[in-house]
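Model, not experiment: these values are computed from the prediction. To find a chain, count down the sequence lines: A is the first, B the second, and so on, and within it residues start at 1.
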There are 2 protein chains.
Amino acid sequence: MSRHFGAQETDCPVRICVSVDRGSENPMKGLRSKARREMVQASGHLFQLLGLPRSTGQNYGLFYLSATPQSLDDIVGNLGISKGSASTGTRCLLAWGALKQVRTQGQRRDYFEAVGELRVVLSNAYRDYVKTRIATYARRLATMVSLLEEDSKTGALDKSEAKFCAQRLGQLDKMHQTLRGLAPWAEKFLN
Amino acid sequence: MSRHFGAQETDCPVRICVSVDRGSENPMKGLRSKARREMVQASGHLFQLLGLPRSTGQNYGLFYLSATPQSLDDIVGNLGISKGSASTGTRCLLAWGALKQVRTQGQRRDYFEAVGELRVVLSNAYRDYVKTRIATYARRLATMVSLLEEDSKTGALDKSEAKFCAQRLGQLDKMHQTLRGLAPWAEKFLN
DNA sequence: TGATTTGTTCAAAGCATATTGAACGAAATT
DNA sequence: AATTTCGTTCAATATGCTTTGAACAAATCA
């Protein structure tokens with residue numbers, strides 16, 4: 001009804017953005033380069049937007065603009081995050097193929113650097129993340145179809161409601177088919 | 001180094017999935033249809049994955065499989081969420097164009113139903129969400145380029161480091177251009 | 001072998017967002 | 001005009017993810 005004064009049709013009461021990363025509070029002590037700082041913040045922001053830990057994104061941002069391999073302690077010093085976070089984030093990025101380990105002779109520390117080809121990283125993300133998600137929801141869709149049949153039998157839904165629901169599920173399935181059709185293109189783009 | 005027993009290269013220590021919605025704890029009292037239950041859960045899950053409130057997704061899931069317009073109290077009864085959440089979520093979905101209000105004569109309640117054409121909903125989401133994000137990050141990228149120049153002057157980065165960073169930023173810009181090239185296709189797909 | 005360095009783990013604390021629910025205002029009803 | 005019905009708001013609470021940091025284990029060093 002929009003009964004109240006401030007209520008406008010176009011207002012969305014839910015926050016869509018992520019909280020800002022005020023670089024002043026998180027020191028980034030060792031980072032003299034402003035460009036790196038901005039990259040670290042932007043990357044952290046993006047990761048958070050994608051539902052991933054901000055610190056992992058900061059981690060990657062630093063690597064992405066680092067010409068020389070970095071150790072865990074470099075990360076800790078540059079970003080001002082705990083060693084635990086640095087370790088966890090680094091291993092996560094390794095697992096995604098976003099980072100690679102650089103073995104240095106006579107060095108006891110582990111050194112890492114970003115995988116240069118962003119395509120590779122995105123391709124991995126697509127395979128591990130997007131593709132599996134789509135498959136999962138497709139499975140749930142199939143579940144719904146059979147549950148719908150069950151509902152018809154048990155009388156949980158009357159005939160017209162069941163028909164309506166079947167239409168809607170059909171629309172979702174059609175969309176899934178379209179997505180499947182797009183997949184080869186997406187893969188070609190990434191490879 | 002993978003120094004420890006359990007540490008495998010392919011393990012990612014960070015949770016990528018969202019917590020499951022055990023339907024048993026959240027009652028969904030009034031929902032007899034199992035298909036609707038599954039849809040509510042799946043939709044809530046998907047929203048959460050996209051960084052949106054789960055309850056808003058549950059809300060939409062219910063509408064999507066409802067043949068008849070639903071009121072706020074219907075939502076509250078069906079999903080077992082508070083009226084506050086129901087109101088907030090509904091207004092949010094309205095603002096996105098995912099729901100439309102149905103005016104019923106001689107009825108004092110507000111009734112809503114899902115917008116049937118999923119294309120429209122996704123098109124709105126693309127415009128309000130994806131497109132603006134890309135623009136934001138493109139802006140930050142431009143900022144980095146100028147900060148990099150500044151770093152070169154102040155000596156925060158030496159020559160070879162600056163060159164390396166410039167290459168990396170160039171790669172990102174190239175990717176942005178590619179994305180921009182894809183945008184018309186995406187829009188055509190959605191319209 | 002013992003001491004030191006380094007990476008990993010995970011319980012606890014911190015933090016940010018989602019949800020609730022009671023108070024409120026507007027509209028409809030009596 | 002008073003009462004009832006609704007939708008909205010927002011402070012307080014609940015929830016769940018992230019981060020920390022200390023304890024630990026492996027590897028290197030002396």
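- The CD1-P distance, from B:Ile81 to D:dT8, rounds to 13 Å in whole Å.
- The CG atom of B:Leu94 sits 13 Å away from the C1' atom of D:dT8 (whole-angstrom rounding).
- Rounded to whole Å, atom P of C:dA16 lies 13 Å from atom NE2 of A:His45.
- One can place CG of A:Asp110 at 13 Å from C1' of D:dT28, the figure rounded to the nearest angstrom.
- Taking both residues in full, the closest heavy atoms of A:Ser146 and A:Thr143 are given as OG-O, 2.9 Å, listed atom of the first, atom of the second, then distance.
- Between A:Ser82 and D:dG21, a side-chain N or O to OP1/OP2 separation shorter than 4.0 Å is absent.
- Side-chain atoms of A:Met175 and B:Leu122, non-hydrogen and from C-beta on, do get closer than 4.5 Å to each other.
- Side-chain nitrogen and oxygen atoms of B:Arg91 include at least one within less than 4.0 Å of the OP1 or OP2 phosphate oxygen of D:dT9.
- As a whole-Å value, the separation of A:Gln107 CD from C:dT5 P is 14 Å.
- Taking the nucleotide of DNA chain C with the nearest heavy atom to each of A:Ser87 and B:Thr56, the more 5' of the two is matched to A:Ser87.
- The shortest side-chain heavy-atom distance between A:Val121 and A:Tyr60 falls under the 4.5 Å cut-off.
- For the pair B:Ser55 and C:dT19, the criterion of a side-chain N or O lying under 4.0 Å from OP1 or OP2 is met.
- With distances taken from any side-chain atom of B:Arg109 to the nucleotides D:dT8, D:dT20, D:dG7, the minimum falls on D:dG7.
- Taking 4.0 angstrom as the limit, A:Ser85 places a side-chain polar atom (N or O) nearer than this to OP1 or OP2 of D:dT20.
- Listed pair A:Lys83 / C:dG7 meets the phosphate criterion, a side-chain N or O lying under 4.0 Å from OP1 or OP2.
- In this structure, of D:dT19, C:dT9, C:dT4, it is C:dT4 that holds the atom nearest to the side chain of A:Arg108.
- Following rounding to the nearest Å, A:Gln58 (CD) and D:dT20 (C1') show an atom-to-atom distance of 14 Å.
- A distance of 10.5 Å separates OH of B:Tyr126 from OG1 of B:Thr132, quoted to the nearest 0.5 Å.
- Atom CG of A:Leu49 and atom P of C:dT17 are 12 Å apart (whole Å).
- When rounded to the nearest whole Å, the span between CZ of A:Arg103 and P of C:dG7 equals 12 Å.
- Closest approach of B:Phe112 to B:Leu94, counting heavy atoms only: CE2-CD1, 3.6 Å.
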